[in-house]
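See below for the structure under consideration.
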Amino acid sequence: MARILITSAIPYINGIKHLGNLVGSQLPADLYARYCRARGHEVMFICATDEHGTPAELAAAKVGKPVEAYCAEMHEVQKEIAAGFRLSFDHFGRSSSARNHRLTQHFAGALADNGLIEEVSEKQVFSITDNRFLPDRYIEGTCPNCGYTRARGDQCEECTKQLDPTDLINPRSAISGSTDLEVRQTKHLYLRQRALRGKLEAWIDSKTDWPILTTSIAKKWLNDGDGLQDRGITRDLHWGVPVKRGEADWPGMEGKVFYVWFDAPIEYIAATAEWADAHGLPDAAWQRWWRTDLGADDVRYVQFMGKDNVPFHTLSFPATIMGSGEPWKLVDYIKSFNYLNYDGGQFSTSQGRGVFMDQALSILPADYWRWWLLSHAPESSDSEFTWENFQASVNKDLADVLGNLVSRVTKFARAKFGETVPAGGSFGPREQALIDDLTSGLRAYEACMQAMEVRKAAAELRALWVAGNEYLQNAAPWTVVKTDPEHAQAMVRLALNLIRVYAVISQPFIPDAAASMMAAMGSDDWAWPDDLAASLAALPPGHAFSVPEVLFAKITDESRADWQQRFSGIRA
RNA sequence: GGCUAGGUAGCUCAGCUGGUUAGAGCACGUGACUCAUAAUCACGGGGUCGGGGGUUCGAGUCCCCCCCUCGCCA
């Protein structure tokens, strides 16, 4: 039994995420967590909301709420939706927690003690009306290049020219529209990533088994242009972790907070501490996952994220960990994903384009989405969601291949032998061939799951379902029962047991349907079928079962057309 | 413009260090079966592997040039 620490990139607090966000981190992380648990490993699966920063402040202001209250509310909303998708976090934390405040300040202090923090004085635009410094993207004005009147301080969206806020003509605050701006001097802390470049590069180079997507992005940032740059880790904001050097005040940094990208990954650790607190456990309980000097040396740590998050997880966060000089657990494997596109374009949170998590659950059960998203996960390249493909895959794979198999077996069994597992007959060569076939398929499935090859794992699982139909079709108990009912009983006994095994092995992908299948088989035996022949005898002769409701209703053309239309434009 | 990753059957994708007639699922066609959510099973048609050069006995798989898509950066 291994100990496996799993984290999913933490979603930003600002609004409900779309399916592209879900499939890029939380969902595959959940798949892996469920699989590891099913195989008997000790798992700690952590996620949280990423709550700090300007977007949260503005979103709160927009709905007229204090930012703390807004975040608390949105955290609950996201937590509930995650539960709706059956994301099996051991803890869903908050980056605004007291734990994260302390830990973030601790890391900053440790980095400073090791000479890895530099104080830099720089000029920034201050809005007198808003009484705050403005991040570049929150300054608007006329583009000096093309004349576009709503160019942002970081870039003109019209001509794509990169800008400096001071380049803008007639600059104004994007928050209030005020033109009462001035450039002020301000001091910030920088993490001296350049000093850690060699260490980081050696570490990345040692990760030869990581996905190309992960290492290529990391190496690009290490080597591109002037190489890895030092990074500002503080901001002039109110909403965030106050800058402190450990427990001590940081002279000159009063009123400033740490940058959201500094404190967010630290929340992985803090959330595990929150988990311990929530369960009334001592610090040792979470430290054994994170401190290699306190028991974490045998932990395997796996992170899941979309490709946009890779630089922070391969460089910035490791720089924080390494730079602290303390024995914190570094990530062992980073599974990264490309983007999921929506019907010919991109999912867009700002434009409300695509299907959002709450909407998805309002029209179909979680299993439908889980299956499609995971079996089409954007692993090797960007992939695309279309309603036609979704309808076809779900109907074929879930309703026809798996759902109908459960249906045909249980209904036939009930009609011929009643609602208990029949006792007659014994297995012949055909049954043995099926068991052999399933065993090799199952080993292939396990290998894919272990390697986090999500799409391939889905294909292997589906092949196992198909093998069941294949067997039934060849064995034809409906014919055999007329001449040799004993033999037909053996076939049905095997098929009923197969449903329970399918529930066990399918559970990571489709937990609700798996639970229904298990319940229908009148069992609660979720033991992994290491020995398939033995597992296929788990339901003994005479064991009661029931015929479940239709596991997966098909998506009709009408529904598909309706949804296609409904989600094409702006989110209502 | 620089860099990453891609461009393989109508669709979604596999093809490891180059090696027999290029694979899977879906869709399509034919047949079988009738237990089942008009489900299942079998067989079949279909691709000059983005384009052009080159290395090699032999390239989807290596090298060079070009075209296109996506993303990151400037």
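Residue numbers begin at 1 in each chain, while the letters A, B, ... track the order of the sequences.
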With rounding to whole Å, what would you report as the distance between [N] and [M] at their [atom1] atoms?
| N | M | atom1 | answer |
| --- | --- | --- | --- |
| B:G71 | B:C28 | P | 33 Å |
| B:A38 | B:G44 | C1' | 22 Å |
| B:C43 | B:G6 | P | 33 Å |
| B:C68 | B:U8 | C1' | 16 Å |
| B:C35 | B:U48 | P | 44 Å |
| B:U4 | B:C49 | P | 25 Å |
| B:G1 | B:A22 | C1' | 38 Å |
| B:U69 | B:A32 | C1' | 44 Å |

- request: Determine, answering yes or no, if A:F412 is stacked on B:C35 under the 5.5 Å centre rule and the 30° plane rule.
  value: no
Atom [atom1] of [X] and atom [atom2] of [N]: how far apart are they, to the nearest Å?
| X | N | atom1 | atom2 | answer |
| --- | --- | --- | --- | --- |
| A:Q473 | B:C43 | CD | P | 13 Å |
| A:Y368 | B:U37 | OH | P | 15 Å |
| A:R462 | B:C26 | CZ | C1' | 8 Å |
| A:K396 | B:C41 | NZ | P | 7 Å |
| A:D400 | B:C41 | CG | C1' | 13 Å |
| A:W387 | B:A27 | CH2 | C1' | 21 Å |
| A:R408 | B:U34 | CZ | P | 12 Å |
| A:Q391 | B:A27 | CD | P | 11 Å |

Would you check if [X] and [Y] make a side-chain contact, meaning some heavy-atom pair closer than 4.5 Å?
| X | Y | answer |
| --- | --- | --- |
| A:V331 | A:W203 | yes |
| A:L438 | A:I435 | no |
| A:V454 | A:E379 | yes |
| A:L498 | A:L494 | no |
| A:R370 | A:L27 | yes |

message: Would you say A:K554 places a side-chain N or O within less than 4.0 Å of OP1 or OP2 belonging to B:A39?
response: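 So the side-chain polar atoms of A:K554 do come within 4.0 Å of the phosphate oxygens OP1 or OP2 of B:A39, strictly under.
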Most 5' of A:N389 and A:L551 on RNA chain B, judged by nearest nucleotide: A:N389
Residue whose closest nucleotide on RNA chain B lies nearer the 5' end, A:V550 versus A:K482: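 Per heavy-atom nearest nucleotide, the more 5' residue is A:K482.
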- prompt: Among the nucleotides B:U34, B:U37, B:U12, which one has an atom lying closest to any side-chain atom of A:N404?
  reply: B:U37
With the criterion being N/O to N/O and under 3.5 Å, what pairs connect the protein with nucleotides 14-16 of chain B, and how long is each?
residue: B:A14; atom: OP1; partner: A:S380; partner atom: OG; Å: 2.0
residue: B:G15; atom: OP1; partner: A:K456; partner atom: NZ; Å: 3.3

task: Any strand is fair game: report the nucleotide pairing with B:C43 by Watson-Crick or G-U wobble, both distances under 3.5 Å, or none.
output: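 B:C43 is paired, partner B:G29.
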Nucleotide forming a Watson-Crick or wobble pair with B:U12, both distances under 3.5 Å: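 Its partner is B:A24 (Watson-Crick or G-U wobble, both distances under 3.5 Å).
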message: Regarding A:V466, tell me which of base, sugar-phosphate or nothing describes its non-hydrogen contacts under 4.0 Å with the strands shown.
response: sugar-phosphate
message: Return the CG to OG1 distance between A:L551 and A:T410, rounded to the nearest 0.5 Å.
response: 8.5 Å
Can [X] and [Y] be counted as an ion pair, charged N to O under 4.0 angstrom?
| X | Y | value |
| --- | --- | --- |
| A:R86 | A:D30 | no |
| A:R300 | A:D332 | no |
| A:R197 | A:E201 | yes |

